[in-house]
J.: 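There's a structure below that I have some questions on.
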Amino acid sequence: MPTALAAILLILVSTALAAGSPPDASVRGAHAMVVAETAEAAAAGLEILKHGGNAIDAAAAAALATGVTHPASCGIGGGGFMLIYLATTGKFYALDYRERAPLKATPTMYMRGGKPDEALARDGALAIAVPGEVAGLDAALTRFGTMKFQQVAAPAVRLARDGYPLGTHLAGEIKRMAPRIAHDPGLASVFLKPDGSAPAPGDLIFQKNLAETLVHLGDKPADKFYHGELAAELAGFIDAHGGIISAADLAAYQPEWREPLHRAYQGDEVYVMPPPSSGGVVLEMLGMLEPGHLVGLGVNSPPYLARLIEVMRQGFIDHDQYGDPAFVNVPVATLLSPEHINQARDRALHHAAPTPAPTAAHDHGTASLEVVDSAGNVVVLTTTINTIFGSKLMDPKTGIILNDEMDDFAVAPGVPNAFRLEGVAANEIAPGKRPLSSMTPTIVVKNGKPIIATGGSGGPTIITGVLQILLDVIDFHLGPRAAVDEPRIHEQAEPATVIIEEKMPLETRTALAQMGYQIRVVPMLGGVGAITIEHGSIRGAGDPRKGGMAAGY
Ligand code: DON
């Protein structure tokens, strides 16, 4: 293990022990905190903070390091959303660096012989949307960072060049995907052993070409990624594999600064990403729960969960109205109006028992991270290449794994995507359009000061995972460790099946089944990370579901 990483992991553990907490309690810090989905990424963020970087610098470093150590989930071939609270202005900033459909994309591009071929939107070069990750990190650093790109990229470069021990989560993904990985020479050369077998947890993974690419990006990463040699290489690779992204697509990519959405909940103010993210759905669900006296029901009690299920269902019905605001008029003001929320709550309270339906596929890709610095700045970002290993294509020369974000569009009307979200008009494919996303970075403030930073991964379970963290912390006063560890549920209207983690007590699951809910028990839902800030104490918890880690000082 590289010495710097070992030193930081030591700080991380000793911080928890020094605070007198058992190792499974929230990590505490008096000054700053990074929560990420790998220990290496949390360490990368902490290293940057300790070298004087701010939360934006640290978030960029942790995102790049996550791209190396969680390469099945995210990386510079993908894109994301970043929510920033800046202490000096007391304002929120929402950065959308979501991928865009290629300029040659059409609503019928996945139709073959009169029928939609969904596999084309998930695997292979036609599934790739124009990556936004590098443009987004560059825009955030340029506007609010204090460090150059190479400084924040240094931990990621080290990890990619010198190797990192394969974590259990990634080892499982590689093993499961080994036959698919074997089809792509780029992925196989990095993630399979020379005899074609999957590496074991603890084996070192090297991504030397990716390390070189990160160095090649220099301190003007967007110029280098979207123009010139690198852009020509990527466009050539995609073209050779039957894709339609050209150098013109890359040159046209721009991230967007947007106005965050916010709404009061129990006296706090909750800030989320606006469309094309689904943050508004979390606000609507909170609105439906506002007068709910949840504490009286008890955390994860059957009546509490039944209330959540109904609220989640109503929220996901309205989720269909979200899309890229440059192309569709998302009626956010109406959806978040008291009248609409009252009607939705009424439906939630009187909904009859649901009808059974086929179940949704879930994977646990994507990555979220949360950072608080000593000046009080807060960053939550969520980044993805969509499903595990994205399009399952790595450009071997650059080491970049390309996303399959086109599957987040309506592949065709009424056709569900990998997460069983059905294709609706607002999310129809158009050239240059951003697909609807479930990624929901969230920051809560009390009296103008941030108190909670949270986000998650796992497709639509991000929305419901973030909701449950907010309720656990705000209503039930759980610390981040306990909130993240609580078993979670997920319901998304279609299919009308409630997904429940297996660690939810059997009597609770039985009680829900007796209420008429169709239940599917899964080993785990997606990962959620959380930081709370209270009376000068910062507490953080990564999600053990994915090997997440908090590092603070
Ligand atoms: O943006 C979205 O909603 C999806 N691309 C997220 C995918 C994801 O979380 C993968 N894991 N289940």
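Counting starts at 1 for both ligands and their atoms, in listed order.
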J.: Below 3.5 Å, N or O to N or O, backbone or side chain included: is there any such pair between S457 and ligand 1?
T.: no
J.: If you measure from atom 6 (C) of ligand 1 to every heavy atom of T366, T461, L525, which option wins on shortest distance?
T.: T366
J.: Tell me which part of R98 gets within contact of ligand 1: side chain, backbone, both or neither, using heavy atoms under 4.0 Å.
T.: side chain
J.: In this structure, does ligand 1 have an atom that sits under 4.0 Å from one of the heavy atoms of D408?
T.: yes
J.: Please determine if G459 has a nitrogen or oxygen closer than 3.5 Å to a nitrogen or oxygen of ligand 1.
T.: yes
J.: Donor-acceptor check, side chain of D318 to backbone of G315, threshold 3.5 angstrom: yes or no?
T.: no
J.: What residues form a salt bridge (charged side-chain N to carboxylate O under 4.0 Å, His left out) with E99, not counting sequence neighbours?
T.: none
J.: In this structure, which one of K546, H70, R545 forms a side chain to side chain donor-acceptor pair (under 3.5 Å) with S457?
T.: K546
J.: Can you sort out the partners of K392 under salt bridge (charged side-chain N to carboxylate O under 4.0 Å, His left out), two or more places apart, ordered by chain and number?
T.: D123
J.: For G458 and ligand 1, answer yes if some heavy atom of the residue is under 4.0 Å from a ligand atom, otherwise no.
T.: yes
J.: Do the side chains of D543 and R488 get close enough for a salt bridge, i.e. N-O under 4.0 angstrom?
T.: yes
J.: Go through ligand 1 atom by atom and flag the ones less than 4.0 Å from a non-hydrogen atom of S438.
T.: 1 (O), 2 (C), 3 (O)
J.: If you measure from the Lys or Arg side-chain nitrogens to the Asp or Glu carboxylate oxygens, is any gap between R98 and E405 under 4.0 Å?
T.: yes
